[in-house]
Amino acid sequence: MRKNHFIANAWAQPSAGQYLDSFDPSNGEVLAQLAQGHAADIDLAVQAAQAALGESFDGPWGRLSALERSRLLMKLAAAVTEHAQELAELEAIDCGKSFKTAQADANALARYFEYYAGAADKLHGETLPFNAGYTVLTVREPHGVTAHIVPWNYPMQIFGRTVGAALAAGNACVVKPAEDASLSLLRLAELAAEVGFPAGALNVVTGYGREAGQALTEHPGVAHISFTGSTQTGRMVALAAAERHCPVTLELGGKSPQIVFEDADLAAAVPVLVNAIAQNAGQTCSAGSRVLVQRTIYEQVLAALVPRFEALQSGPPALNLDMGPLVNRKQYEQVRGFVGQAEAQGLTVAARGRIHAEASSKGFYQEAVLFRDVPADSALAQQEVFGPVLAVMPFDTEEEAVRLANGTDFGLVAGIWSRDGARQLRVARKMRCGQVFINNYGAGGGVELPFGGVKASGHGREKGFEALYGFTVLKTIAIHHG
Ligand code: NAD
């Protein structure tokens with residue numbers, strides 16, 4: 001399968017004539033050849049987006065009313081629902097997800113478009129009380145051309161939450177998917193054209209991060225950058241953006257804790273603790289990769305976790321097991337490196353999951369691993385593994401739990417399990433992160449719920465109305481009428 005860029009509602013061959021291989025993680029074989037974008041391809045896409053907007057927002061996309069944008073987004077949501085099976089299959093094979101996970105991602109994508117379709121014509125400014133003789137108002141305007149750099153772990157969902165919001169706010173988008181997982185996003189751009197988005201409103205340029213991605217961050221025609229990916233790359237993107245004073249939203253990594261107090265409902269908590277790391281084989285920015293358990297119930301919680309971990313199975317996406325393969329060889333070697341290093345340091349493996357007999361030995365399969373008594377200063381407790389590896393550690397007091405939970409460079413999400421209402425809120429308010437879940441974890445995704453990090457987990461918010469605000473520029477107009 002050979003795929004070109006999608007620019008101005010048409011397939012575009014790569015300017016340099018080069019294609020890169022994208023691999024099937026379930027067997028290591030070449031799945032698709034993707035156009036290898038460079039600065040020239042990015043330039044074409046940015047020009048197409050600029051033309052769609054028009055110099056004074058008078059182009060075929062720029063002049064549409066909020067209601068017209070809303071209706072187009074609603075049509076795109078319907079097209080996604082209609083093609084959900086096809087999109088899920090592409091995503092499952094490309095990323096190595098089980099079909100049921102990819103299907104859930106397709107449903108979430110449609111929901112993002114519905115949500116932002118509904119929000120497009122409710123995004124308004126204010127009138128402000130001011131001096132006598134004045135009327136002052138604010139208006140929210142699009143940035144212009146927005147860049148969207150997407151990772152491989154949830155391409156459709158991340159596309160939905162960034163591109164959906166940006167289009168609703170009236171921006172024209174240039175998307176650079178991950179080189180490992182571009183197929184679903186190319187199809188989405190095609191669907192957008194089919195439902196009537198004007199040429200240039202949504203463009204997808206594939207390629208490597210250091211070529212197409214970097215060129216996009218450096219392009220002077222880009223007015224806002226939304227980056228989702230690793231903390232390390234996020235720093236490079238922020239530096240490129242700073243060079244030309246371009247606003248940037250960074251959604252980066254995490255090492256998110258779940259705190260289990262002795263009064264927790266364990267029957268409710270334990271399955272969620274497992275799912276929070278098994279979901280997408282641990283390749284989730286908000287994975288619950290650390291579990292802090294009050295010492296009085298520590299052995300009880302471990303005894304409940306062990307059989308559930310041992311039952312976790314990894315296998316080909318079509319088998320719909322708990323986990324598919326990891327996305328690529330680099331990720332596979334990184335996760336194996338973390339596990340091997342922790343074992344070499346004498347950390348205790350309490351349980352391991354299984355790999356299904358039908359899994360190819362050439363696929364990137366990693367079984368789930370449960371480590372107990374993990375020291376708070378170890379790599380396993382401090383660094384993002386981005387695989388199905390859970391670090392469990394005990395604590396004695398609430399103060400210690402808060403210190404441990406906040407004691408990494410990251411700050412994305414936290415979970416609190418307790419029946420004590422005062423403690424729930426007290427601890428929630430002390431968490432240094434962007435989302436806190438009490439007696440649940442993730443709230444089932446929640447497209448309405450603002451999401452993002454602090455510290456090395458990034459800054460800016462996606463999802464909900466906050467994302468819409470981020471994709472607009474607030475202008476104040478003061479009228480002196482005497
Ligand atoms: P990555 O940083 O390697 O790549 C992400 C994207 O950036 C890819 O499209 C890549 O091609 C591009 N890129 C790479 N170098 C670039 C450069 N110099 N300039 C511009 N673009 C460049 O990340 P990854 O390995 O694909 O994804 C995994 C990481 O993403 C994890 O750390 C995970 O926590 C994070 N993530 C965060 C969130 C969130 O919302 N906070 C969501 C998903 C993933």
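All values below were derived from every heavy atom in this structure, side-chain atoms included, with hydrogens, water molecules and symmetry-related copies excluded. Each residue takes its place number in the sequence, starting with 1.
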Counting heavy atoms not belonging to [X], are there more than 12 under 6.0 Å from its [atom1]?
{"X": "Lys330", "atom1": "NZ", "value": "no"}
{"X": "Gln18", "atom1": "CD", "value": "yes"}
{"X": "Lys362", "atom1": "NZ", "value": "no"}
{"X": "Lys75", "atom1": "NZ", "value": "no"}
{"X": "Glu126", "atom1": "CD", "value": "no"}
{"X": "Arg140", "atom1": "CZ", "value": "yes"}

Side-chain contact test, heavy atoms from C-beta onward, threshold under 4.5 Å: evaluate it for [X] versus [Y] and give yes or no.
{"X": "Cys285", "Y": "Leu412", "value": "yes"}
{"X": "Tyr116", "Y": "Phe471", "value": "no"}
{"X": "Pro388", "Y": "Gln366", "value": "yes"}
{"X": "Gln157", "Y": "Tyr112", "value": "yes"}
{"X": "Leu319", "Y": "Glu358", "value": "yes"}
{"X": "Val436", "Y": "Ile416", "value": "yes"}
{"X": "Pro14", "Y": "His5", "value": "yes"}
{"X": "Pro317", "Y": "Ser26", "value": "yes"}

#### Entry: Contacts of type side-chain contact (heavy atoms from CB on, under 4.5 Å), residue Phe57, not counting sequence neighbours
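By the side-chain contact (heavy atoms from CB on, under 4.5 Å) rule, Phe57 matches Leu53, Pro142.
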Sub-3.5 Å donor-acceptor pair from the side chain of [X] to the main-chain atoms of [Y], do we have one?
{"X": "Lys455", "Y": "Thr408", "value": "yes"}
{"X": "Trp61", "Y": "Gly54", "value": "no"}
{"X": "Asn203", "Y": "Gly200", "value": "yes"}
{"X": "Asp41", "Y": "Ser15", "value": "yes"}
{"X": "His219", "Y": "Gly221", "value": "yes"}
{"X": "Arg244", "Y": "Val222", "value": "yes"}
{"X": "Ser256", "Y": "Val413", "value": "yes"}
{"X": "Asp24", "Y": "Val30", "value": "no"}
{"X": "His481", "Y": "Gly133", "value": "yes"}
{"X": "Asn107", "Y": "Asp105", "value": "no"}

### Task
Please find out if less than 6.0 Å separates the ring center of His480 from that of Phe130.
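Centroid distance His480-Phe130: not below 6.0 Å, so no.
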### Message
Just checking Phe386 against Trp152, ring centres under 6.0 Å apart?
### Response
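Yes, they do, as the ring centres are separated by less than 6.0 Å.
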Atom [atom1] in [X], atom [atom2] in [Y]: separation rounded to 0.5 Å?
{"X": "Glu114", "Y": "Leu73", "atom1": "CD", "atom2": "CG", "result": "11.0 Å"}
{"X": "Ser22", "Y": "Leu183", "atom1": "OG", "atom2": "CG", "result": "6.0 Å"}
{"X": "Leu128", "Y": "Thr476", "atom1": "CG", "atom2": "OG1", "result": "6.5 Å"}
{"X": "Leu20", "Y": "Ser182", "atom1": "CG", "atom2": "OG", "result": "7.5 Å"}
{"X": "Asp180", "Y": "Tyr208", "atom1": "CG", "atom2": "OH", "result": "9.0 Å"}
{"X": "Arg329", "Y": "Leu326", "atom1": "CZ", "atom2": "CG", "result": "11.5 Å"}

Which pair of heavy atoms, one from [X] and one from [Y], lies closest together, and at what distance?
{"X": "Ala77", "Y": "Phe113", "answer": "CB-CB, 3.7 Å"}
{"X": "Ala240", "Y": "Glu218", "answer": "CB-CG, 4.3 Å"}
{"X": "Pro325", "Y": "Gly96", "answer": "CD-O, 3.2 Å"}
{"X": "Val335", "Y": "Gly387", "answer": "CG2-CA, 3.8 Å"}
{"X": "Ala39", "Y": "Ala215", "answer": "CA-CB, 3.7 Å"}
{"X": "His143", "Y": "Val473", "answer": "ND1-CG2, 3.4 Å"}

Examine the side chains of [X] and [Y] and answer whether a donor and an acceptor come within less than 3.5 Å of each other.
{"X": "Tyr441", "Y": "Asn275", "value": "no"}
{"X": "Asn171", "Y": "His224", "value": "no"}
{"X": "Asp21", "Y": "Gln33", "value": "yes"}
{"X": "Lys430", "Y": "Asn406", "value": "no"}

### Message
If you apply the rule salt bridge (Lys or Arg N to Asp or Glu O under 4.0 Å), what do you find for Glu86 with Arg187, and how did you get there?
### Response
CA-CA 9 Å; Glu86 176 198 350; Arg187 180 71 180 116; 2.5 Å; yes
### Task
Run the numbers on Arg111 and Glu448 for salt bridge (Lys or Arg N to Asp or Glu O under 4.0 Å), then give the verdict.
CA-CA 10 Å; Arg111 177 73 191 108; Glu448 307 87 344; 3.0 Å; yes
### Task
Could you check His148 against Thr146 for side-chain hydrogen bond (donor to acceptor under 3.5 Å, both in side chains), going step by step and ending with a plain yes or no?
CA-CA 7 Å; His148 303 258; Thr146 53; 2.9 Å; yes
Do the side chains of [X] and [Y] get close enough for a salt bridge, i.e. N-O under 4.0 angstrom?
{"X": "Glu384", "Y": "Lys255", "answer": "no"}
{"X": "Lys176", "Y": "Glu211", "answer": "no"}
{"X": "Arg71", "Y": "Glu68", "answer": "no"}

### Query
side chain to side chain contact (heavy atoms under 4.5 Å, CB included) between Phe159 and Leu109: does it pass, once the steps are laid out?
CA-CA 8 Å; Phe159 182 95; Leu109 171 66; 4.2 Å; yes
### Query
Can you check side chain to side chain contact (heavy atoms under 4.5 Å, CB included) on Val327 and Gln283, steps first, answer last?
CA-CA 9 Å; Val327 73; Gln283 302 166 114; 3.8 Å; yes
### Task
Before giving the answer on side-chain hydrogen bond (donor to acceptor under 3.5 Å, both in side chains), spell out for Glu91 and Ser184 the whole-Å C-alpha distance, their side-chain angles and the decisive distance to 0.1 Å.
CA-CA 6 Å; Glu91 192 91 320; Ser184 61; 2.6 Å; yes
### Query
Passes side chain to side chain contact (heavy atoms under 4.5 Å, CB included), Val139 versus Lys475? Steps please.
CA-CA 5 Å; Val139 287; Lys475 182 184 281 173; 3.8 Å; yes
### Message
As a quick check of understanding, evaluate side chain to side chain contact (heavy atoms under 4.5 Å, CB included) for Gln103 and Gln85, giving each step before the final call.
### Response
CA-CA 7 Å; Gln103 185 76 49; Gln85 175 78 12; 3.5 Å; yes
